[in-house]
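Chain letters run A, B, ... following the sequence lines, proteins first, then strands; residues in each count from 1. None of the values given here were measured: they were computed from a predicted structure.
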2 protein chains.
Amino acid sequence: MARVYNFSAGPSMLPEPVLRQAEEEMLDYHGCGQSVMEMSHRSSQYEEIIGGCESLLRQTMQIPDDYDVLFLQGGASSQFAMVPMNLKKNGRADFVLTGQWAKKAYSEGKKFLSAHAVADSSDKTFTYIPKLSLETFDPQADYFHICYNNTIYGTRFHELPDTGRVPLVADMSSCILSEPVDVSRFGLIYAGAQKNMGPAGLTVVIIRKELVGNAGPEVPTMFDYKTHADNGSMYNTPPCYAIYICKLVLEWIRDKMGGLSGMKEYNEKKAKLFYDCLDRSQLFKGTVEPADRSLMNIPFITGSDELNKKFIKEAEAAGFVNLKGHRTVGGMRASIYNAMPIEGVEKLCAFMKEFEAKNA
Amino acid sequence: MARVYNFSAGPSMLPEPVLRQAEEEMLDYHGCGQSVMEMSHRSSQYEEIIGGCESLLRQTMQIPDDYDVLFLQGGASSQFAMVPMNLKKNGRADFVLTGQWAKKAYSEGKKFLSAHAVADSSDKTFTYIPKLSLETFDPQADYFHICYNNTIYGTRFHELPDTGRVPLVADMSSCILSEPVDVSRFGLIYAGAQKNMGPAGLTVVIIRKELVGNAGPEVPTMFDYKTHADNGSMYNTPPCYAIYICKLVLEWIRDKMGGLSGMKEYNEKKAKLFYDCLDRSQLFKGTVEPADRSLMNIPFITGSDELNKKFIKEAEAAGFVNLKGHRTVGGMRASIYNAMPIEGVEKLCAFMKEFEAKNA
């Protein structure tokens with residue numbers, strides 16, 4: 001069996017030790033004679049898994065006690081609606097438009113309140129993070145929304161806006177668990193699991209408790225954060241297996257990667273390797289403003305569509321898969337999430353040098 | 001490794017060959033060097049999986065072409081809201097109250113339209129299916145809702161109500177794929193996967209195309225069936241791994257169980273074995289009207305709380321797990337879904353006879 005280096009934007013690589021443990025426990029979890037997929041979610045075994053996952057996440061991210069941790073379904077796309085449906089009070093919210101997902105959150109927000117775009121980097125195909133000026137913020141907004149890391153365009157916020165009393169809401173789907181964050185700066189963090197946490201089908205919400213319980217009667221029960229907060233994410237059957245894998249990933253971060261500070265160091269090393277490789281190349285170049293570069297997603301181009309295609313094809317044959325860029329950017333994109341080993345980046349850089357030499 | 005017989009109401013047993021295949025393919029699916037959990041949902045490999053799952057489901061259930069098949073998230077509990085939000089026209093719907101889940105669909109329905117309970121079997125703790133009289137039906141209702149099989153109370157519809165032009169909507173979470181059904185009788189079928197289809201985290205909706213596309217602008221994008229129908233269930237990242245397991249389960253039904261007619265025969269044999277065992281016992285007795293008995297969920301009691309407890313405890317030690325009944329019924333419940341082998345039922349019956357002999 002030859003495992004490949006998978007640079008997909010998500011779902012993407014999982015740590016190999018996690019997959020090996022899942023493989024081993026597939027028919028019999030800890031001697032209970034069942035797969036985790038077969039367990040009653042009300043069983044003591046499963047309660048240990050979901051409870052363990054929550055404690056580990058709280059510990060790993062240092063989530064303060066006045067925050068709820070919710071294990072939900074429906075992806076970030078469901079949060080685009082759940083956030084306004086639950087946080088609406090004055091009926092206004094501010095959005096920073098830094099890419100396609102940020103725009104989707106904004107458009108969906110418009111269904112439920114008056115959404116205001118305070119900044120927008122679409123003028124340069126979202127290759128930078130716009131400067132934010134406090135004067136444009138609405139101090140009466142129900143929340144201020146950012147997409148912390150932009151998967152498609154490869155940018156990230158390096159500084160968080162100071163939104164004062166307005167709850168800062170962040171889509172962290174493509175950067176959660178990649179480095180320490182100060183959770184107390186946020187009113188609400190949400191993330192689809194399929195990049196750094198586990199398989200698709202799990203959405204994690206971290207929400208300041210005072211923001212829970214304000215949904216109106218028109219909000220579907222399953223879209224009310226209170227439903228899930230009051231029931232320990234077990235109002236109905238949760239995505240049990242995805243939560244189990246997330247727990248294994250969190251154990252891997254704790255035991256093998258040195259927690260989030262170790263993870264950050266590792267991710268910075270990988271990203272530096274790759275950006276250095278781009279910056280030294282005569283053929284390849286990154287598409288993003290250097291100051292706003294993401295640690296996780298790195299779009300790059302050669303300047304020739306033909307060469308891009310050739311590169312993607314030859315890279316795939318060499319075991320570097322899913323390097324094709326998003327259609328709105330073109331070229332290539334390497335997503336190097338937590339589970340991408342540094343060897344994957346080193347080998348890809350070596351492959352790029354070879355390719356450059358042959359195609360100069 | 002000793003696998004147990006798991007009588008849980010769901011999540012519950014999966015076919016062992018399915019688990020073995022998932023185990024084998026965990027680190028490398030068909031030589032592609034990735035786990036299914038790691039695959040981009042836009043990759044050709046994954047498109048084959050989700051496409052294959054849909055074709056197999058269409059073939060297995062003989063779903064007519066004028067129906068959409070949707071792979072969603074959020075469980076049946078989300079459907080309790082999605083159905084009224086999408087099917088509302090006149091603003092009225094009829095519900096048959098045959099248990100806790102049927103009541104939840106009804107209560108949630110009330111948030112969005114005028115919900116009418118046309119029949120109710122709560123007077124006898126839902127131990128029977130109420131007779132339905134056409135006169136009580138609202139011919140202008142937007143839909144007529146039933147819970148086809150009642151997981152907690154162990155009853156099922158043996159005949160479908162003739163609702164004329166009013167779309168019949170059925171929660172089939174605990175009986176889908178257990179026997180052939182005439183899909184054309186329904187406007188919409190929904191089912192959480194975690195009983196007969198696969199792991200928790202996947203919800204299947206089968207909907208007549210003419211019922212898609214009627215949601216108002218206030219409906220969250222992710223709660224609009226049209227969003228998912230227009231995008232082949234890939235508007236956002238679907239619950240990829242659960243869909244893969246569902247495909248393996250469908251292959252098992254086709255290749256090992258003789259399709260749904262073979263499945264029905266097998267399930268009837270298992271249920272008959274168990275009901276015969278109850279009917280011949282002096283100690284154990286079923287709680288449900290014989291005419292309305294479920295093929296899937298069988299609640300039973302001894303008449304003594306103490307003996308019930310003793311039985312559950314000793315059964316568990318003998319490898320028959322999750323036999324405790326729902327708190328609203330008490331006693332025991334054996335859920336014998338598709339993946340419960342007939343040996344499990346035979347052995348449980350033998351164990352019950354022994355227990356009875358010792359405790360007479």
Item to check | Closest contact, heavy atoms only, B/Leu14 versus B/Ala339 | outcome: C-CB, 3.5 Å
Checklist entry - Does any donor atom in the side chain of A/Glu343 or A/Tyr5 lie under 3.5 Å from an acceptor atom in the other side chain? => result no
Item to check | Closest approach of A/Ala315 to A/Leu323 (non-hydrogen atoms, all atoms of both residues) | outcome: CB-CD1, 3.8 Å
Item to check | Value rounded to 0.5 Å, distance of CD in A/Gln79 from NE2 in A/His145 | outcome: 9.5 Å
Item to check | B/Asn214 versus B/Asn86, side-chain donor and acceptor atoms under 3.5 Å | outcome: no
Checklist entry - A/Pro238 versus chain B, heavy atoms under 4.5 Å apart: side chain, backbone, both or neither? => result backbone
Checklist entry - Highest number of heavy-atom pairs under 4.5 Å with chain B: which of A/Ser8, A/Gly201, A/Gly10, A/Gly74? => result A/Gly74
Checklist entry - Donor-acceptor pair, B/Asn322 side chain versus B/Asn6 backbone, under 3.5 Å? => result no
Checklist entry - What part of A/Ala242 gets closer than 4.5 Å to chain B, counting heavy atoms only: side chain, backbone, both or neither? => result neither
Checklist entry - Checking A/Lys324 against chain B: side chain, backbone, both or neither under 4.5 Å from a heavy atom? => result neither
Checklist entry - If only atom types and distance count, is the side chain of B/Ser335 paired as donor or acceptor with the main-chain N or O of B/Asn297 below 3.5 Å? => result no
Checklist entry - Can the positive tip of A/Lys247 be found less than 6.0 Å from the middle of the six-membered ring of A/Tyr241, inside 45° of the ring normal? => result no
Checklist entry - chain A contacts: which residues in residues 36-45 of chain B have a non-hydrogen atom closer than 4.5 Å to it? => result B/Met37, B/Glu38, B/Met39, B/Ser40, B/His41
Checklist entry - How would you list, in number order, the residues of residues 217-227 of chain A that have a heavy atom less than 4.5 Å from chain B? => result A/Pro217, A/Glu218, A/Val219, A/Pro220, A/Thr221, A/Met222, A/Phe223
Checklist entry - Are any side-chain N or O atoms of B/Arg3 and backbone N or O atoms of A/Leu27, one a donor and one an acceptor, separated by less than 3.5 Å? => result yes
Checklist entry - Which answer fits B/Gln34, side chain, backbone, both or neither, if we ask what part of it has an atom under 4.5 Å from a heavy atom of chain A? => result both
Item to check | Part of A/Met85 lying under 4.5 Å from any heavy atom of chain B | outcome: side chain
Checklist outcome for this item: Tightest non-hydrogen contact, residues B/Gln21 and B/Leu248, listed as NE2-CD2, 3.6 Å
Next on the checklist: Quick check for you: to the nearest 0.5 Å, what is the distance between B/Leu19 atom CG and A/Asp28 atom CG?
Outcome noted: 11.0 Å
Checklist entry - Heavy-atom distance under 4.5 Å to chain B: side chain of A/Ala81, backbone, both or neither? => result side chain
Checklist outcome for this item: Closest non-hydrogen contact found for B/Gly232 with B/Ile50 is O-CD1, 4.2 Å
Item to check | Non-hydrogen atoms of B/Leu113 and B/Gly91 that approach each other most closely | outcome: CB-O, 3.4 Å
Checklist entry - Using non-hydrogen atoms only, which part of A/Ile245 is less than 4.5 Å away from chain B: side chain, backbone, both, or neither? => result side chain
Checklist entry - Side chain, backbone, both or neither: which part of A/Glu23 has a non-hydrogen atom closer than 4.5 Å to chain B? => result both
Checklist entry - What part of A/Phe112 is in contact with chain B, defined as an atom under 4.5 angstrom from a non-hydrogen atom: side chain, backbone, both or neither? => result side chain
Next on the checklist: Could you tell me if A/Lys103 sits above the aromatic ring of A/Phe80, with its cationic atom closer than 6.0 Å to the ring centre and no more than 45 degrees from the axis?
Outcome noted: no
